[in-house]
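Working notes, structure below.
Quick caveat: nothing in here was measured; it's all calculated off a predicted structure. By convention here, the first residue in the shown sequence is residue 1.
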Amino acid sequence: MVSEHTSSSNAQVLVASNRGPVTYTLGEDGTLDAKRGGGGLVSGLSAVDDKLWVCAALGDGDREAVRRGVGEPGVRMLDIDAEVHADAYNGIANSVLWFVHHLLYQTPVEPVFDTEFRRQWAAYETYNRAFAEALAQEAGEGAAVLVQDYHLALVPGMLRELRPDLRIGHFSHTPWAPVDYFRLLPDDIAEQLLRGILGADRAAFLTRRWADAFIGCCTEILGGTGRTRIGVHGLGADADFLRRRSHEADVDERMAALREQVGENRKTIVRVDRTELSKNIVRGLHAYRTLLETRPEWRERVVHIAFAYPSRQDLAVYRDYTAAVQSLATEINGEYGTESWTPVVLHVKDDFARSLAAYRLADVALVNPIRDGMNLVAKEVPVVSDHGCALVLSREAGAYEELGEDAIVVNPYDVTGTAEALHEALTMSGDERSGRTKRLAEAATALPPQRWFLDQLEALRQG
């Protein structure tokens, strides 16, 4: 299962996650090209020297790198059987656990926990065991191990049996389902997931709400959380990086191109998301259409810049959702567009520089997820905004806990209410917008990635 690579690093800080900090692409000529990733965890870990990152080989390039013994210092990639990984990652993590925690099931017809589910669950167990064994092998005596997310919920319990000397933490980057919804899972699976995480000394979450939901599940199903301590660490935006990166030449180029697409003297409503079912992009477009319908004064005067970057396109339901987003944007443009005005400017090709350009341009940011662990876009826009930006924010985003006071808050299912919130945001005075943006940026950067990671590490070591 696990590759034969044995570094015997005896690292004192280990992180385990499905995706690692580097991915490899295999060229036609057999060369391997390494690409480094970003995100809060990558930034946070840069604060620690003596560390090892254990992750899965996700594609052919990664697997080939492991087989050739190619790698980066401080990273151990596990060459887990591709079919096992697919069943664990797509079959269980993304199609069951993600759906449960984001309340996404259409319960009249799904879920159906049958023999196929049990087969995939066995792969999820195998996948988690591979991580537990690798961590047990690599960790120094009494080391701190920080396990990340719903992909690896069973690892803490498995690792505890192998290495009782370790300090083990688990961090959930998603919401946690309320107990009534969590109990959609078969009883034995629900219990196994909770006991898996409770193998950790400390289980941590992005907001108090998600932590309380986890405690509620443990109390109802297991009678309590045992000796596991529960923590909350609200990951913030990396202000220094964002402000520096958003003023580089490629971002200025993208801004010029976007300005041309928008046209002069028009306001902008910006959203930047992956086409993830929980992001609620379709209802956001319906709300924008309702705004144009009920407030005709905004026709020709506002443009919705919508970046919907494809996600999980190997799952049919995600491909269908991406197609629905594109279809609705086309419909709105056909219904309301004129020769000189395109109401929706939709981009589906991922481009970080263009996202930053849109952040800087935005008069209004629309962040309306059905449910989100945090949502860093809500935190990044106020930090990068050139002239102040009104934030329309779903109360179901984790970021609501910190940003709700200075955002215009919406029920993500209420299209009419969201349209009214967009109107309120567009008509907000410059002074109020500037004041709110300043306070939003302060709240958004209260716990930058390095501090976020070090706080968890310190809390774990303190016992």
Side-chain angles (χ1 to χ4, degrees), residues 40 102 172-176 178 204-213 231-240 242-243 246 267-273 278-280 283-284 287 291 358-449 451-452 455:
H102 290 85
S172 293
H173 295 262
T174 63
W176 192 272
F205 299 84
L206 285 163
T207 72
R208 187 74 251 165
R209 181 182 177 187
W210 313 142
D212 287 346
V232 174
H233 303 275
L235 175 63
D238 187 340
D240 293 340
L242 287 168
R243 286 177 179 138
S246 64
K267 296 212 170 197
T268 56
I269 299 169
V270 166
R271 77 172 307 134
V272 177
D273 289 301
S278 59
K279 298 298 184 184
N280 209 23
R283 282 195 195 88
L291 174 76
Y359 288 178
R360 285 179 58 189
L361 276 177
D363 294 296
V364 177
L366 175 59
V367 180
N368 68 320
I370 291 168
R371 198 168 163 88
D372 223 334
M374 177 54 73
N375 195 297
L376 281 177
V377 170
K379 291 187 167 187
E380 290 168 352
V381 177
V383 173
V384 171
S385 171
D386 278 358
H387 306 294
C389 175
L391 175 63
V392 175
L393 179 65
S394 165
R395 67 189 184 198
E396 299 303 316
Y400 164 72
E401 202 163 286
E402 296 160 86
L403 307 183
E405 208 171 301
D406 285 294
I408 299 170
V409 178
V410 294
N411 169 349
Y413 300 96
D414 184 354
V415 167
T416 307
T418 303
E420 281 302 301
L422 291 173
H423 175 71
E424 184 185 338
L426 288 165
T427 53
M428 189 183 288
S429 73
D431 284 350
E432 186 181 350
R433 204 171 66 172
S434 295
R436 287 193 189 215
T437 304
K438 186 168 179 284
R439 292 189 297 273
L440 286 167
E442 284 171 5
T445 55
L447 196 62
R451 187 72 256 156
W452 168 81
D455 281 1

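Other residues, nucleotides and ligands contribute more than 12 heavy atoms inside 6.0 Å of the OH atom of Y359. By the neighbour-count criterion of 12 heavy atoms within 6.0 Å, atom CD of E405 is sparsely surrounded, having that number or fewer from other residues, nucleotides or ligands.
Among all heavy-atom pairs drawn from W452 and H233, the shortest one is NE1-O, 3.2 Å. The nearest pair of heavy atoms linking P369 to A397 is CG-CB, 3.8 Å. Nearest heavy atoms, T437 versus C389: OG1-N, 2.8 Å. Nearest heavy-atom pair across V410 and A421 is CG1-CB, 3.4 Å. R433 approaches D363 most closely through the heavy-atom pair NH1-OD1, 3.2 Å. Pairing each heavy atom of G236 with each of P449, the nearest pair is O-CD, 3.7 Å.
E401 contributes a side-chain N or O that, together with a main-chain N or O of R208, makes up a donor-acceptor pair within less than 3.5 Å. Although no hydrogens or angles enter the test, the distance criterion places a donor-acceptor pair under 3.5 Å between the side chain of T268 and the main chain of L361. For R360 (side chain) and S246 (main-chain N/O), a donor-acceptor pair under 3.5 Å exists by modelled atom type.
Atom NE2 of residue H387 and atom OG of residue S385 lie 7.5 Å apart, to the nearest 0.5 angstrom. Atom OG of S394 and atom CG of N280 lie 7.5 Å apart (nearest 0.5 Å). Put simply, CG on L447 and CG on L235 are 7.0 Å apart, with the number rounded to the nearest 0.5 Å. In this structure, CG in D238 is found 9.5 Å from CD in E380, a value given to the nearest 0.5 Å.
In this structure, H102 and T174 have side chains that are in contact, with non-hydrogen atoms separated by less than 4.5 Å. Within the 4.5 Å cutoff, the side chain of W210 has no heavy atoms near those of the V232 side chain. At least one side-chain heavy atom of T418 sits less than 4.5 Å from a side-chain heavy atom of L366. Side-chain contact check for E420 versus D414: every heavy-atom pair is 4.5 Å or farther apart. Taking the side chain as every heavy atom from C-beta outward, L422 and I269 approach each other to under 4.5 Å. By the 4.5 Å heavy-atom criterion applied to side chains, W176 and D212 are not counted as neighbours. Side-chain atoms of M428 and V364, non-hydrogen and from C-beta on, never get closer than 4.5 Å to each other.
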Between L291 and L426, is a side chain to side chain contact (heavy atoms under 4.5 Å, CB included) present by the stated rule, with each step listed?
-> CA-CA 11 Å; L291 174 76; L426 288 165; 3.9 Å; yes
Derivation of the side chain to side chain contact (heavy atoms under 4.5 Å, CB included) call for R271 and N368 = CA-CA 9 Å; R271 77 172 307 134; N368 68 320; 2.7 Å; yes
Before giving the answer on side chain to side chain contact (heavy atoms under 4.5 Å, CB included), spell out for R395 and N411 the whole-Å C-alpha distance, their side-chain angles and the decisive distance to 0.1 Å.
-> CA-CA 6 Å; R395 67 189 184 198; N411 169 349; 3.5 Å; yes
CA sep, side-chain torsions, deciding dist, call: I370, E396, side chain to side chain contact (heavy atoms under 4.5 Å, CB included) = CA-CA 6 Å; I370 291 168; E396 299 303 316; over 6 Å; no
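Between K438 and D406 there is no salt bridge, since no side-chain nitrogen of the basic residue lies less than 4.0 Å from a carboxylate oxygen of the acidic one. Between K379 and E402, at least one side-chain nitrogen of the basic residue sits less than 4.0 Å from a carboxylate oxygen of the acidic one, meeting the salt-bridge criterion.
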